K.L.:
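Pasting a structure here, questions to come.
A, B, ... follow the sequence lines: proteins, then strands. Residue 1 opens every chain. Treat the numbers as computed from the prediction; the structure is a model and nothing was measured.
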There are 2 protein chains.
Amino acid sequence: MTEFDDALALETVDESLSTGRLDDRWAIGGAVNGGLLMALTATALGERLARAGGPAARHDAPIAFSAYFLSASTEGPVEVRTEVVRVGRAMSTGQARLLQTGPNGPVERLRMLASFGDLRASAEPVLRSPEPPDLPAPDECVDASASPADFRDGVPMLGRIDLRLDPATAGWTLGQPSEKGRMRGWIRFADGRPVDAVSLVFFLDALPPVAFDLGIMGWAPTLELTGHLRGEPADGWLRVELSTRTVTGGLLEEDAMIWDRTGRMVAQSRQLAGIRVPGASGGSTA
Amino acid sequence: MTEFDDALALETVDESLSTGRLDDRWAIGGAVNGGLLMALTATALGERLARAGGPAARHDAPIAFSAYFLSASTEGPVEVRTEVVRVGRAMSTGQARLLQTGPNGPVERLRMLASFGDLRASAEPVLRSPEPPDLPAPDECVDASASPADFRDGVPMLGRIDLRLDPATAGWTLGQPSEKGRMRGWIRFADGRPVDAVSLVFFLDALPPVAFDLGIMGWAPTLELTGHLRGEPADGWLRVELSTRTVTGGLLEEDAMIWDRTGRMVAQSRQLAGIRVPGASGGSTA
């Protein structure tokens, strides 16, 4: 079993409850990566819709999903409580809550609303679609696995992915951010696991924070992330581009777009993240 | 009382239940405008947080909100059921469900997740912010109230707003869309009601669909809309810009940005909307 499928493995306890396990291998600085949490939550919700049968069972891809992050997830058991909100002809909407047990009982880690549909049906024909960015070949990019060992030790998740950053947007790795608020690169799973719809949910939040390119280092916790899947991805290298245009009061929006091997834009997202900037009082989720 | 405040008036039934009334004056083609529904839902959730007291009471603006639209709302009584999900130091997260009574019982119209905060604290300092678009003066723009009477009769909501479209993006009113996927204009309330945070929630979804500028006419029902408030708006004319880059399989993303009188970007959103295009099978919520 691939590392990603292992991380997404769930046991169905009853109609509305699934259990799984968060693994430190997907951690960044002590907390589990938000993209993985979203992929796991969406998987549980998709399985719930499949069990519901009828049109809901055909709605197997999260066409639109919004995750609100409530507290930092840690290694250990996790449960996902799901609800079918509405079953329609072309889309079904559900809700899921990811919980872990804290010292005083269950603690909600994230809550997600999502509309599932048939990705193939909702992706054709293509009338307009953003062109992929021009990137140097993967071998001419900055290989994240070549980062210093003491850095990688704090980011075990880097070992799960094969990430190559465009040198033009990787200056921050040398202390020279471009300050354009942009990051671009190639990404795929390190163990060769094929790209599919649910992996896009993960890849939308798998790069380092775009804030690094503004010279704002440090953890940038996601408050909210909404993503849209816009096409069934072809397997192979994905191109990802992050950008930000708005940084105010300890909050920054990060837009992500993913193109597949064929150059088709297959997923996009926007998140609001907290950052530490001098003079800002808001933004932190603490 | 202004028309907008009248539409947002709620009665508190118990801690988690508020009731109100949807008025046909905010309708578009038989359904109540989604922006108004979001503003009403956010108002109920803000009141819930105020009742919770403590830090939650200081979190009075929906900094991030995601609305999933489930069925079309109609004139008549409405109830909003709210839940406090998490109270934090800088942000509080809640959930709200907007319901109406159908022939077989309650029908959910929309469900919202939102994180509220102190908009002033989370908006300063401004490190980066998108510049406002250059627009001709309001008097040199296309006045939506000058549209044909038989068109306005189907869109009573047009009477609630003062909307002036940039002639460069209003060609569709004459059957000549620019096909750039863009719409820009000035907007304010028709009755002079001041602009504030909750009104931005409404104005993010108050313009005609950007699909019109692609020559795709007809209703474009919102499936999901996520918005971020990024500044306390100064009162006066707002500038709004809509754009779309992705139209696939009966689904289109619409990005909105709002600048206040001083030129500051105060709100942005992205929605996934259904459209009718030849050859598309997905997209409709029906």
Side-chain angles (χ1 to χ4, degrees), chain A residues 63-68 70-71 85-86 88-91 93 95 108 111-115 117-130 181 214 216 223-224 226 228 230-231 244-253 265 268 270 272 274 277-286, chain B residues 63-68 70-71 85-86 88-91 93 95 108 111-115 117-130 181 214 216 223-224 226 228 230-231 244-253 265 268 270 272 274 277-286:
Chain A
I63 305 292
F65 57 94
S66 300
Y68 281 69
L70 305 165
S71 53
V85 174
R86 175 186 175 272
R89 186 186 57 77
M91 295 261 192
T93 302
Q95 177 172 300
E108 195 166 342
R111 189 174 292 208
M112 178 184 279
L113 280 172
S115 286
D118 175 342
L119 188 53
R120 281 169 215 276
S122 70
E124 304 297 339
V126 177
L127 270 71
R128 285 168 73 92
S129 190
L214 297 174
I216 303 170
L223 307 179
E224 175 271 323
T226 295
H228 298 159
R230 300 305 301 266
T244 185
R245 296 176 65 192
T246 321
V247 186
T248 66
L251 294 172
L252 159 150
E253 112 271 68
M265 199 278 275
Q268 64 179 340
R270 177 175 293 157
L272 194 65
V277 294
S281 60
S284 166
T285 53
Chain B
I63 305 290
F65 57 95
S66 300
Y68 281 69
L70 304 165
S71 54
V85 173
R86 176 185 174 273
R89 186 187 57 79
M91 296 260 191
T93 302
Q95 175 171 301
E108 195 166 343
R111 188 174 293 208
M112 177 184 283
L113 279 173
S115 286
D118 175 341
L119 188 53
R120 280 169 218 276
S122 70
E124 304 297 340
V126 177
L127 270 72
R128 285 168 73 93
S129 189
L214 297 175
I216 303 170
L223 307 179
E224 176 271 325
T226 295
H228 298 159
R230 300 304 301 264
T244 185
R245 298 176 65 193
T246 320
V247 186
T248 65
L251 294 172
L252 159 149
E253 112 272 68
M265 198 279 275
Q268 64 180 340
R270 177 176 293 157
L272 194 66
V277 295
S281 60
S284 168
T285 54

K.L.:
Counting only heavy atoms closer than 4.5 Å, note whether B:L214 contacts chain A via side chain, backbone, both or neither.
P.N.:
side chain

K.L.:
What option among A:S71, A:A114, A:G117 has the most heavy-atom pairs under 4.5 Å with chain B?
P.N.:
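Answer, by heavy-atom pair count under 4.5 Å with chain B: A:A114.
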
K.L.:
Minimum heavy-atom separation for A:P130 and B:T246, please, with both atom names.
P.N.:
CD-OG1, 3.4 Å

K.L.:
Would you mind telling me which of B:E108, B:R111, B:M112 has the largest number of heavy-atom pairs within less than 4.5 Å of chain A?
P.N.:
B:R111

K.L.:
Heavy-atom distances under 4.5 Å only: say whether B:S115 touches chain A with side chain, backbone, both or neither.
P.N.:
both

K.L.:
Can you tell me how far the CZ atom of A:R128 sits from the CG atom of B:L252, to the nearest 0.5 Å?
P.N.:
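Going from the CZ atom of A:R128 to the CG atom of B:L252 covers 8.5 Å.
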
K.L.:
Counting only non-hydrogen atoms closer than 4.5 Å, does B:E253 touch chain A with its backbone (N, CA, C, O), its side chain (CB onward), both, or neither?
P.N.:
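For B:E253, heavy atoms of backbone and side chain both lie under 4.5 Å from chain A.
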
K.L.:
Can any side-chain N or O of A:Y68 pair as donor or acceptor with the backbone N or O of B:L113 at less than 3.5 Å?
P.N.:
yes

K.L.:
For the interface with chain A, which of B:T93, B:L272, B:V126, B:I63 has the highest count of heavy-atom pairs at distances below 4.5 Å?
P.N.:
B:L272

K.L.:
For A:L251, does its backbone N or O pair with a side-chain atom of B:R230 as donor and acceptor, under 3.5 Å?
P.N.:
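Yes, because the side chain of B:R230 sits within donor-acceptor range (under 3.5 Å) of the backbone of A:L251.
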
K.L.:
Would you name the heavy atoms of B:E224 and A:S66 that are closest together and state the gap between them?
P.N.:
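Scanning both residues, the minimum pair turns out to be OE2-OG, 3.8 Å.
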
K.L.:
So which part of B:T226 gets closer than 4.5 Å to some heavy atom of chain A, the side chain, the backbone, both or neither?
P.N.:
side chain

K.L.:
Please report the C-alpha distance between A:Q268 and B:R245 in whole Å, then the side-chain angles of each, then the deciding distance to 0.1 Å, and finally whether the side chain to side chain contact (heavy atoms under 4.5 Å, CB included) criterion is met.
P.N.:
CA-CA 11 Å; A:Q268 64 179 340; B:R245 298 176 65 193; over 6 Å; no

